[in-house]
Amino acid sequence: MSRSRHLGKIRKRLEDVKSQWVRPARADFSDNESARLATDALLDGGPEAYWRVLSQEGEVDFLSSVEAQYIQAQAWERPCPPDTLGGAETGPKGLDSSSLQSGTYFPVASEGSEPALLHSWASAEKPYLKDKSSATVYFQTDKHNNIRDLVRRCITRTSQVLVILMDVFTDVEIFCDILEAANKRGVFVCVLLDQGGVKLFQEMCDKIQISDSHLKNISIRSVEGEVYCAKSGRKFAGQIREKFIISDWRFVLSGSYSFTWLCGHVHRNILSKFTGQAVEPFDEEFRHLYASSKPVMGLKSPRLVAPVPTGAAPANGRLSSSSGSASDRTSSNPFSGLSAGSHPLPESKQNKTKTKQTLWFLVAFS
């Protein structure tokens, strides 16, 4: 009697969708255990182990050549025993489906627990909630609204805080806009870069001779995507593909645009502008990513604290001191101090300023 052939989840669905006699099944979004076993095998034993598990599990080759190369290139050994990862049972380091039993599911998840969010922000007043919600979409083909110009205009018009999450940053002109905003107008800038793009950013800084001394009001930090943990303990991190800018906590620019010359001149991109309550998810995502980021250049540990409304903020976006006493510049009252490179305005001019800004960042050195 012939033994029925085992089919992996993807292979079975492929055969079903190819057949005109099989009725459509209910959508199944559960995890694919065969794919998990094969990915673990690729991490532990390379392509041969990967193909062996696919054959044993009756599954199709679900990874592109680029994805397989990425996984192997990014893999690293575990820093802790595998029994601490996801609660999975410790077992021998195997390379096929017989040694990596499918009975116990080992989740694809980031290592450890989710980093603690900065709760002080959650209860703070959020400037964007005062504005009307709106969404505007721009395409590269719209010559009247050049995407690169929109990004640069956003930077030049920011007066207090500029937050940037980016995968690749090599556009020197945009970097000059940021340096000018930080060093000439006192804008605090926090850039979260994908870990994979840090080398290119540092290469740009080396070419134009930019060092930490030029980044007095700027924090450049790196962040990774989710971390896949194999049952053996080997793992690899994903990339940051999100890209957005938050200007003064009032509006967001988000889309496919990267800070590169090619994106500005030849690549087709899309950019969306959000205001009002639509800004909140970006605010929360940035807080989450910042909590797990690491310093690269500039300020090593700017603290993110609850906003303290200032009675009157100068139009140039700098923090001014409402009192000249030394006690007002202590850490217990963080917003009383001046940001790096700023100068206090005369009290008469401060009183004439009607704009009330809420700042979300405090620059502090570790």
Min side-chain heavy-atom separation Ile240-Leu192 under 4.5 Å: no

Neighbour count >12 (heavy atoms, 6.0 Å) for atom CZ, Arg152: yes

Mutual orientation of the aromatic rings belonging to Trp261 and His265 [parallel < 30°, tilted 30-60°, perpendicular > 60°]: parallel

Derivation and outcome, side chain to side chain contact (heavy atoms under 4.5 Å, CB included), residues Leu37 and Gln56: CA-CA 10 Å; Leu37 290 171; Gln56 292 169 348; over 6 Å; no

Step-by-step side-chain hydrogen bond (donor to acceptor under 3.5 Å, both in side chains) determination, Ser232 to Asp44: CA-CA 8 Å; Ser232 66; Asp44 293 332; 2.6 Å; yes

Asn32 side chain near Glu59 side chain, heavy-atom distance below 4.5 Å: yes

Minimum side-chain heavy-atom gap Gln239-Asp167 below 4.5 Å: no

Donor on one side chain, acceptor on other, Glu57 and Ser34, under 3.5 Å: yes

Donor on one side chain, acceptor on other, Thr260 and Thr170, under 3.5 Å: no

Within 45° cone and under 6.0 Å: Lys273 NZ/CZ vs Phe251 ring: yes

Pair Asp171-Arg148, salt bridge (Lys or Arg N to Asp or Glu O under 4.0 Å): steps then yes or no: CA-CA 10 Å; Asp171 191 316; Arg148 187 168 184 260; 2.9 Å; yes

Short side-chain donor-acceptor distance under 3.5 Å, Lys243 and Ser258: yes

Ile164 with Val168, same ILVMFWY side-chain cluster at under 4.5 Å: no

Candidate pair Gln160 and Val187, rule side chain to side chain contact (heavy atoms under 4.5 Å, CB included), full reasoning: CA-CA 5 Å; Gln160 294 284 350; Val187 176; 6.0 Å; no

Glu285, CD: over 12 other non-hydrogen atoms inside 6.0 angstrom: yes

Any Leu43 side-chain heavy atom under 4.5 Å of Tyr228 side chain: yes

Chi angles and distances behind the side chain to side chain contact (heavy atoms under 4.5 Å, CB included) call for Leu63, Tyr50: CA-CA 10 Å; Leu63 293 175; Tyr50 171 73; 3.7 Å; yes

Single-linkage hydrophobic cluster, 4.5 Å side-chain cutoff, Ile208 and Ile178 together: yes

Any Ser256 side-chain heavy atom under 4.5 Å of His267 side chain: no

Leu42 CG to Gln69 CD distance, which is reported to the nearest 0.5 Å: 10.5 Å

Beyond-backbone contact of Lys9 with Ser30, side-chain heavy atoms, under 4.5 angstrom: yes

Under 3.5 Å: donor-acceptor pair, side chain of Asp142, backbone of His144: yes

Within-4.5 Å side-chain heavy-atom neighbours: Leu165 and Val223: yes

Beyond-backbone contact of Leu179 with Ile218, side-chain heavy atoms, under 4.5 angstrom: yes

Criterion side chain to side chain contact (heavy atoms under 4.5 Å, CB included) on Val172 and Lys207, from CA distance to verdict: CA-CA 10 Å; Val172 178; Lys207 288 193 296 185; over 6 Å; no

The single option from Gln195, Arg221, His288 passing side-chain contact (heavy atoms from CB on, under 4.5 Å) against Ser293: Arg221

Phe175 vs Phe259, ring-ring contact (aromatic ring centres under 6.0 Å, His included): CA-CA, chis, key distance, verdict: CA-CA 9 Å; Phe175 193 33; Phe259 285 2; over 10 Å; no

Other residues, nucleotides, ligands: >12 heavy atoms within 6.0 Å of Gln72 CD: yes

Check ion pair Glu15-Lys18 (N to O, under 4.0 angstrom): no

